[in-house]
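This report refers to the structure that appears directly beneath it.
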Amino acid sequence: MTDQQTQWQQCHEEANRLRRELKALNANRATLTDPAEIEEKKKEAHLLQTQYNTVLEKLKEMKDEYEWEKSVNREFDCIEQPD
């Protein structure tokens, strides 16, 4: 497995973990009644959402870079090489 694939897999796993945590936190928040607890969990959810968005952005950058390299390689392969 290449370093790029490993990095992609790690980011993907991190995104999945954060999504699960955020989903569980929001489900827990829905059951709360104490305003102080609600506010605390709201801040936690905001922090998790920020981290999740950062990881998704990193995944998007990696995907864009991969697509760019693939495109460049196709262009290069199309250029006729002199014998």
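Heads up: numbering here begins at 1 and tracks the sequence.
With sequence neighbours excluded, the residues that form a side-chain contact (heavy atoms from CB on, under 4.5 Å) with Q10 are T6. For I38, the side-chain contact (heavy atoms from CB on, under 4.5 Å) partners at least two apart in sequence or on another chain are L32. Under the rule for a side-chain contact (heavy atoms from CB on, under 4.5 Å), the partners of D64 that lie at least two apart in sequence or sit in another chain are K60. Contacts of E40 classified as side-chain contact (heavy atoms from CB on, under 4.5 Å), with partners at least two apart in sequence or in another chain: E44. With sequence neighbours excluded, no residue forms a salt bridge (charged side-chain N to carboxylate O under 4.0 Å, His left out) with R19. Under the salt bridge (charged side-chain N to carboxylate O under 4.0 Å, His left out) criterion, E21 pairs with R17, not counting sequence neighbours.
Within the 3.5 Å criterion, the main-chain N or O of E67 finds no donor-acceptor partner in the side chain of S71.
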Task: side chain to side chain contact (heavy atoms under 4.5 Å, CB included) assessment of H12 paired with Q9 - done: CA-CA 5 Å; H12 196 270; Q9 185 177 1; 5.6 Å; no

TODO: Test E61 against E65 for side chain to side chain contact (heavy atoms under 4.5 Å, CB included), laying out the working first.
DONE: CA-CA 6 Å; E61 288 172 7; E65 184 178 317; over 6 Å; no

Task: side chain to side chain contact (heavy atoms under 4.5 Å, CB included) assessment of K58 paired with Q7 - done: CA-CA 10 Å; K58 177 69 175 167; Q7 194 176 21; 3.8 Å; yes

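Nearest heavy-atom pair, K42 versus R29, reported as atom, atom and distance to 0.1 Å: N-CD, 3.8 Å. Nearest heavy atom pair, residue A45 against residue L22, reads O-CD1, 3.5 Å. Here the shortest heavy-atom pairing between W8 and L59 reads CZ3-O, 3.4 Å.
Side-chain contact between Y66 and M62 is absent, with no heavy atoms from C-beta onward closer than 4.5 Å.
Atoms CG and OH, from N16 and Y52 in turn, are 7.5 Å apart once rounded to the nearest 0.5 Å. The CD atom of Q49 sits 10.0 Å away from atom OG1 of T54, with the distance rounded to the nearest 0.5 Å. N26 CG to K41 NZ: the interatomic distance, rounded to the nearest 0.5 Å, is 11.0 Å. Note: T31 OG1 to E37 CD = 8.5 Å, rounded to the nearest 0.5 Å.
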